[in-house]
Amino acid sequence: MLTIVLCTFNRVESLKKTLPIYLSNKSKKLKFLILNNNSSDGTVNYISKISKTDKRVRLINNKKNIGAIKNYFKGLRLSKSKYTGFLADDDIM
């Protein structure tokens with residue numbers, strides 16, 4: 001099992017481009033842990049909608065912006081997989 005930690009803050013437009021690419025890999029051994037750093041631009045609604053149709057996506061909402069580094073470390077702590085990888089919300093693959 002591989003968990004991809006993806007942290008975001010007010011980047012819904014980037015996520016609309018990148019997340020469908022990431023999710024095009026249909027492996028059931030791949031999970032996505034998306035940590036939202038208290039966005040106010042529709043990020044939560046977008047990811048919530050996707051997580052309802054793709055059960056590999058889990059959304060964590062921070063009550064306040066804790067910064068990028070702390071957010072990635074939080075994702076690492078929350079990952080339950082043997083392997084964890086990191087992607088940015090604007091990485092095109």
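- Atom-to-atom distance recorded for Ile60:CD1 and Asn37:CG is 12.5 Å, nearest 0.5 angstrom.
- Shown here are the side-chain hydrogen bond (donor to acceptor under 3.5 Å, both in side chains) partners of Asn45, two or more places apart in sequence or in another chain: there are none.
- Counting only residues at least two apart or on different chains, no ring-ring contact (aromatic ring centres under 6.0 Å, His included) pair has a member in residues 3-42.
- For the side chain to side chain contact (heavy atoms under 4.5 Å, CB included) test, residues two or more places apart in sequence or in another chain that qualify with Ser81 are Met1, Thr3, Ser79.
- Screening residues 1-14 for salt bridge (Lys or Arg N to Asp or Glu O under 4.0 Å), with sequence neighbours left out, gives Arg11-Asp89, Arg11-Asp90, Glu13-Lys16.
- Here Asp54 pairs with Arg56 under the side-chain hydrogen bond (donor to acceptor under 3.5 Å, both in side chains) rule; sequence neighbours left out.
- Sorted by first then second residue, the salt bridge (Lys or Arg N to Asp or Glu O under 4.0 Å) pairs that include residues 27-46, not counting sequence neighbours, number zero.
- Residues Ile4 and Leu33 do not share a hydrophobic cluster, defined by chaining ILVMFWY side chains whose heavy atoms lie under 4.5 Å apart.
- For Asn71, the side-chain hydrogen bond (donor to acceptor under 3.5 Å, both in side chains) partners at least two apart in sequence or on another chain are Asn62.
- One distance of note links CG of Leu23 with CG of Leu30; it measures 8.5 Å at 0.5 Å rounding.
- Among residue pairs with one or both ends in residues 33-66, none qualify as ring-ring contact (aromatic ring centres under 6.0 Å, His included); sequence neighbours excluded.
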Checklist entry - Can you list the steps and then say if Leu15 with Ile50 is a side-chain contact (heavy atoms from CB on, under 4.5 Å)? => result CA-CA 11 Å; Leu15 286 168; Ile50 287 177; over 6 Å; no

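- Judged by distance alone, the side chains of Asn65 and Asn38 never bring a donor and an acceptor atom under 3.5 Å apart.
- For CD1 of Ile92, the number of neighbouring non-hydrogen atoms (other residues, nucleotides, ligands) closer than 6.0 Å is greater than 12.
- For the salt bridge (Lys or Arg N to Asp or Glu O under 4.0 Å) condition, no pair includes a residue of residues 73-85, sequence neighbours left out.
- For Tyr72, the ring-ring contact (aromatic ring centres under 6.0 Å, His included) partners are Phe86, not counting sequence neighbours.
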